[in-house]
Amino acid sequence: MKKLLLTGFEPFLEFPINPTEKIVQQLKGKQIGDYEVIGELLPVDFQAGPEKIVQLYHYIRPDAVISLGLAAGRAAITPERIAINCRGGEPDNKGVVLEDEHIAEDGLDGYFSTLPLQGMISRLKENGYPASISNTAGTYLCNHVMYSILHEVKKAAKPVQAGFIHIPASHELVLQGKKSMPSWSDQDLFRAIELTIETLS
Ligand code: PCA
């Protein structure tokens with residue numbers, strides 16, 4: 001059985017819940033396709049978040065890594081194409097603010113996802129779920145975590161599928177946050193992420 005490291009994030013900024021947390025709770029320990037899902041939660045912390053995923057990667061030695069993040073306002077499941085060597089934006093959960101810093105001085109300007117992006121999009125659409133590739137993960141924590149894991153994975157001798165998927169808000173988040181935006185049911189979010197896992201080779 002192959003191992004998948006699946007990560008979500010804790011709540012951040014004005015969002016009282018992060019639907020990625022529930023997805024990880026729901027799918028951890030399951031066997032999906034050829035994969036056993038190992039689920040972990042990352043802090044929204046410029047220092048600790050990226051460090052944690054890299055440590056988990058070395059400890060677990062997974063065959064694939066999928067990180068999930070909330071992209072409030074998006075209406076579709078959006079696997080990210082590229083992570084860039086830049087971090088900044090809103091304050092993290094510790095109140096740290098960074099302005100356009102490099103993530104890794106020795107890193108490339110960007111790293112492409114090694115997940116089967118087109119396969120994921122087709123599979124989601126075939127099953128009735130809106131999906132498209134996103135060409136920017138921003139410069140906040142999601143981009144940072146994606147960049148950090150790809151920087152690490154690309155040093156490895158064996159090829160590892162790794163990348164990031166942004167998801168829309170859940171109905172629960174919209175109800176709790178009282179902000180109008182597109183939202184999905186938890187069931188649809190769980191199923192959509194399961195489908196993306198089924199496309200891993
Ligand atoms: N989304 C944020 C960080 C945590 C999350 O779930 C982002 O898109 O960077």
Side-chain angles (χ1 to χ4, degrees), residues 5-28 39-54 56 65-104 107 110-113 115 117 120 130-151 162-177 179 181-186 188-190 192-193 196:
L5 172 59
L6 180 72
T7 70
F9 275 109
E10 63 184 11
F12 64 106
L13 295 173
E14 72 269 35
F15 309 109
I17 57 169
N18 192 327
T20 63
E21 202 171 334
K22 260 199 179 169
I23 300 174
V24 168
Q25 291 308 332
Q26 173 72 16
L27 301 185
K28 75 189 283 188
E40 293 283 345
L41 214 63
L42 303 177
V44 177
D45 176 321
F46 282 117
Q47 184 70 35
E51 263 176 27
K52 184 167 177 185
I53 195 167
V54 169
L56 286 166
V65 184
I66 297 179
S67 294
L68 304 174
L70 167 68
R74 286 193 193 170
I77 301 290
T78 48
E80 296 292 342
R81 192 191 305 277
I82 189 164
I84 59 172
N85 194 0
C86 179
R87 59 183 185 165
E90 301 290 322
D92 70 9
N93 282 357
K94 286 230 175 93
V96 173
V97 181
L98 302 173
E99 212 175 298
D100 289 354
E101 285 188 3
H102 277 123
I103 293 170
Y111 289 111
F112 284 109
S113 172
L115 296 176
L117 300 183
M120 287 180 169
S132 59
I133 294 176
S134 161
N135 291 309
T136 175
T139 58
Y140 193 48
L141 254 298
C142 292
N143 174 70
H144 193 343
V145 157
M146 180 179 174
Y147 186 92
S148 299
I149 193 64
L150 285 166
H151 183 59
F164 201 95
I165 302 177
H166 264 122
I167 63 154
S170 60
H171 297 329
E172 190 187 5
L173 171 58
V174 174
L175 288 170
Q176 288 196 24
K179 207 173 175 188
M181 60 183 132
S183 61
W184 286 32
S185 71
D186 284 333
D188 281 340
L189 288 171
F190 300 158
I193 298 307
T196 65

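All ligand and atom numbering here is 1-based and tracks the order in the structure. Along the sequence shown, residues carry numbers from 1.
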Enquirer: Decide whether an N or O pair under 3.5 Å exists between Leu68 and ligand 1.
Expert: no
Enquirer: Looking at Cys142, which atoms of ligand 1 are within less than 4.0 Å of one of its heavy atoms?
Expert: 1 (N), 2 (C), 3 (C), 4 (C), 5 (C), 7 (C), 8 (O), 9 (O)
Enquirer: Apply the test side-chain hydrogen bond (donor to acceptor under 3.5 Å, both in side chains) to residues Glu80 and Ser134: give CA-CA distance (whole Å), side-chain angles for both, the deciding distance (0.1 Å), then the verdict.
Expert: CA-CA 5 Å; Glu80 296 292 342; Ser134 161; 2.7 Å; yes
Enquirer: Considering non-hydrogen atoms of the protein only, which is the closest contact for atom 5 (C) of ligand 1, and what is the distance?
Expert: Phe12 CE2, 3.3 Å
Enquirer: Might you point out which heavy atoms bring Gly73 and Met181 nearest each other, and give the distance in Å?
Expert: N-SD, 3.8 Å
Enquirer: Is there a side-chain contact between Leu189 and Lys22, using heavy atoms and a 4.5 Å cut-off?
Expert: no
Enquirer: In chain order, what residues pass the salt bridge (charged side-chain N to carboxylate O under 4.0 Å, His left out) check against Lys94, with sequence neighbours excluded?
Expert: Asp45
Enquirer: Which part of Asn18 is near ligand 1, with near meaning a heavy atom under 4.0 Å away: side chain, backbone, both or neither?
Expert: side chain
Enquirer: Please name the pair of heavy atoms, one in Ser113 and one in Ala162, separated by the smallest distance, quoted to 0.1 Å.
Expert: OG-O, 3.5 Å
Enquirer: Does His166 reach ligand 1, in the sense of a heavy atom lying below 4.0 Å from it?
Expert: yes
